[in-house]
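It should be emphasised that the depicted structure is a prediction, and the values quoted were computed from it without experimental measurement. Chain letters run A, B, ... following the sequence lines, proteins first, then strands; residues in each count from 1.
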Amino acid sequence: MAITRPRGTNDFLPEDTKSWQAVEAMLRQICREFAFEEIRTPIFEDTDLFIRGVGNTTDIVQKEMYTFTDRGERSLTLRPENTASVCRAYLEDKLYGRIQPVKLYYMGPMFRYERPQAGRFRQFHQFGVEVIGTISPYADAEIISLAWEFYNRLGIRNLRLYLNSVGCPNCRPRYREVLQDYFRPHLDQLCPSCQERFERNPLRILDCKSEICQNIGKEAPQIFDNLCDSCADHFEQVKRILATAGVEYMLNPRMVRGLDYYTKTAFEIVVENIGAQSAVCGGGRYDGLIEELGGEPTPSVGFALGMERIFSALKAQGDDIEVEDDCSVFVISTPDNEETRKAAFALCYDLRRLDIKTELDYDGKSIKAQLKAANRINAEYTVIIGSEELADGQAIVKCMKDGEQIKLPIADVKQYLLER
RNA sequence: GUGGAUGUGGCGAAGCGGUCAACGCACCGGAUUGUGGCUCCGGCACUCGAGGGUUCGAUACCCUUCAUCCACCCCA
């Protein structure tokens with residue numbers, strides 16, 4: 001085989017796309033219930049959008065972007081996520097002039113240049129929602145409950161919802177310093193990657209897998225104790241609203257969102273047993289993003305969830321999305337008779353227009369082989385139009401389950417099958 | 001970017017220096033000429049991811065490369 005698909009990409013075959021369509025339908029349904037509307041933005045954007053929107057210091061921008069120059073010397077990038085694009089559209093298409101907040105959802109492919117592994121691909125698919133234009137903690141709770149409801153409705157077990165607040169430009173820098181002061185004396189004992197993290201992202205040290213780092217971090221100051229009044233109050237409200245609605249969350253002060261734009265609420269939904277990449281959904285508040293992109297200060301919340309990870313989770317718990325085979329008819333004709341073949345084709349067309357899933361043979365196979373083919377695709381009925389039958393305008397309808405067959409006028413076949 | 005594992009027909013899978021590269025599933029054809037599912041018979045890899053090397057001889061040993069899987073980093 002000469003040409004293969006690019007590394008980290010997937011072909012989704014019919015047996016896969018059936019499940020995808022089912023999940024997508026469920027997502028659209030939930031969005032309808034929660035009163036979100038779909039937005040579709042370009043798959044590539046001006047590179048600067050992501051540098052400014054996602055953050056220059058993030059891994060995404062530093063090493064994961066698919067960036068190219070087009071024929072007009074513009075630097076473009078395949079979207080690594082969709083929040084920046086949605087915010088860009090909010091400004092460019094003047095959605096701030098509409099009723100606020102604007103509640104949008106999207107789904108589609110995203111691209112990140114990473115080494116593939118379980119649950120991680122270079123082209124992957126996300127569904128996400130954004131509520132743009134309100135600081136209300138009810139908005140945070142709304143999207144969290146939307147995600148929570150989705151996974152529960154899908155029947156995914158062993159879910160955990162982690163909740164945290166990462167503060168805001170008022171309190172996070174301060175907490176960051178407090179944390180650095182705490183770790184500084186132990187700097188040389190930390191694992192190599194945490195020594196890197198010390199400057200870049202000290203909050204991550206708290207979440208290190210190394211036991212040594214874990215132990216050193218045990219007595220570290222907590223983010224909860226270092227939030228400003230506004231953030232602390234917001235966080236309290238989100239927790240209360242979720243508790244009242246019956247959404248079971250776990251506080252996780254060690255959970256840090258990687259993207260620069262997050263403020264206040266951060267949350268993540270994880271499911272065990274799907275490998276190292278256990279996060280199926282992540283999101284939070286990004287009150288500074290729209291302003292960063294040149295708009296008025298516009299508080300917003302959103303999340304993104306990974307489509308591929310949904311299927312990993314379902315597979316890990318031994319579930320498959322049931323996709324039923326609907327009733328189908330196979331129209332058989334005598335192979336060496338063009339008249340019967342044409343009659344079969346015409347009947348086939350008629351049946352299809354009646355919403356009956358219908359197949360026929362293309363190759364002029366023997367009757368026997370056609371029946372075999374019909375059997376293989378689980379046809380419920382076959383209609384046999386042979387030379388003898390056609391001579392007096394008749395056809396045989398055979399029920400494949402019990403082998404019963406009756407002869408009737410071709411004109412009556414449609415009605416007969418419709419009544420089954 | 002780093003590390004580990006793997007790479008034999010459509011799929012699963014033997015062989016691990018020397019007969020025609022097992023076998024199972026799937027697929028195609030046939031078993032008195034127009035009737036399927038069971039059974040039986042037959043067919044289906046000039047080739048063992050690719051390139052190079054060692055050897056009288058390599059699918060098997062060595063090197064390179066590519067791909068896949070898994071893990072790290074990070075994230076959906």
Determine the contact category for [X]: base if any of its heavy atoms lies under 4.0 Å from a base atom, sugar-phosphate if only primed atoms, P, OP1 or OP2 are that close, otherwise nothing.
{"X": "Gly283(A)", "answer": "nothing"}
{"X": "Ser366(A)", "answer": "nothing"}
{"X": "Gly403(A)", "answer": "base"}
{"X": "Gln370(A)", "answer": "nothing"}
{"X": "Ala118(A)", "answer": "sugar-phosphate"}
{"X": "Lys365(A)", "answer": "sugar-phosphate"}
{"X": "Glu308(A)", "answer": "nothing"}
{"X": "Gln405(A)", "answer": "base"}
{"X": "Arg376(A)", "answer": "sugar-phosphate"}
{"X": "Phe121(A)", "answer": "base"}
{"X": "Ile384(A)", "answer": "base"}
{"X": "Gly282(A)", "answer": "sugar-phosphate"}
{"X": "Ile396(A)", "answer": "base"}

Mind calculating the distance between [atom1] ([X]) and [atom2] ([N]) to the nearest angstrom?
{"X": "Asp361(A)", "N": "G36(B)", "atom1": "CG", "atom2": "P", "value": "16 Å"}
{"X": "Ile367(A)", "N": "G34(B)", "atom1": "CD1", "atom2": "P", "value": "8 Å"}
{"X": "Ile60(A)", "N": "A76(B)", "atom1": "CD1", "atom2": "P", "value": "6 Å"}
{"X": "Leu203(A)", "N": "C74(B)", "atom1": "CG", "atom2": "P", "value": "13 Å"}
{"X": "Leu13(A)", "N": "C11(B)", "atom1": "CG", "atom2": "P", "value": "12 Å"}
{"X": "Lys372(A)", "N": "A26(B)", "atom1": "NZ", "atom2": "C1'", "value": "12 Å"}
{"X": "Arg5(A)", "N": "U68(B)", "atom1": "CZ", "atom2": "P", "value": "7 Å"}
{"X": "Arg309(A)", "N": "C74(B)", "atom1": "CZ", "atom2": "P", "value": "14 Å"}

Using the side-chain heavy atoms of [X], tell me which of these nucleotides is nearest: [options].
{"X": "Glu64(A)", "options": "G36(B), A76(B), C74(B)", "answer": "C74(B)"}
{"X": "Glu389(A)", "options": "G34(B), G37(B), C74(B)", "answer": "G34(B)"}
{"X": "Asn375(A)", "options": "A76(B), G37(B), U35(B)", "answer": "G37(B)"}
{"X": "Arg197(A)", "options": "A76(B), C74(B), G36(B)", "answer": "C74(B)"}

Just name whichever nucleotide pairs with [N], Watson-Crick or G-U, keeping both distances under 3.5 Å, else none.
{"N": "A26(B)", "value": "none"}
{"N": "A21(B)", "value": "none"}
{"N": "U55(B)", "value": "none"}
{"N": "A5(B)", "value": "U68(B)"}
{"N": "A60(B)", "value": "none"}

Can a salt bridge be assigned to the pair Glu268(A) and Arg160(A) using a cut-off of 4.0 Å between side-chain N and carboxylate O?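 Arg160(A) and Glu268(A): not salt-bridged.
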Lys/Arg N to Asp/Glu carboxylate O, Lys63(A) vs Asp59(A), below 4.0 Å: yes
Would the base of [N] count as contacting [X] through its side chain, where contact means a donor and an acceptor less than 3.5 Å apart?
{"X": "Lys368(A)", "N": "U35(B)", "result": "no"}
{"X": "Arg7(A)", "N": "U68(B)", "result": "no"}
{"X": "Glu114(A)", "N": "A76(B)", "result": "yes"}

With a cut-off of less than 4.0 Å, is there a side-chain N or O of Gln277(A) near OP1 or OP2 of A76(B)?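 Result: no.
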Contact under 4.0 Å: Gln117(A) side-chain N or O vs C72(B) OP1/OP2: yes
Donor-acceptor contacts, no H, no angles, side chain residues 386-397 of chain A, under 3.5 Å, sequence neighbours left out:
unit_1	atom_1	unit_2	atom_2	d
Ser387(A)	OG	Thr334(A)	OG1	3.4
Ser387(A)	OG	Asn337(A)	ND2	2.9
Glu389(A)	OE1	Gly386(A)	N	3.0

Residues Phe303(A), Leu305(A); criterion side-chain contact (heavy atoms from CB on, under 4.5 Å); working and verdict: CA-CA 7 Å; Phe303(A) 72 74; Leu305(A) 63 82; 3.7 Å; yes
Determine, for Phe235(A) and Lys239(A), whether the Lys NZ or Arg CZ falls below 6.0 Å from the six-membered ring centre while staying within 45 degrees of the axis. yes
Please check if the distance between the ring centroids of Phe111(A) and Phe124(A) is under 6.0 Å. no
Ignoring hydrogens and geometry beyond distance, is a side-chain donor-acceptor pair present between Tyr286(A) and Glu130(A) at under 3.5 Å?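 Glu130(A) and Tyr286(A) do have a side-chain donor-acceptor pair below 3.5 Å.
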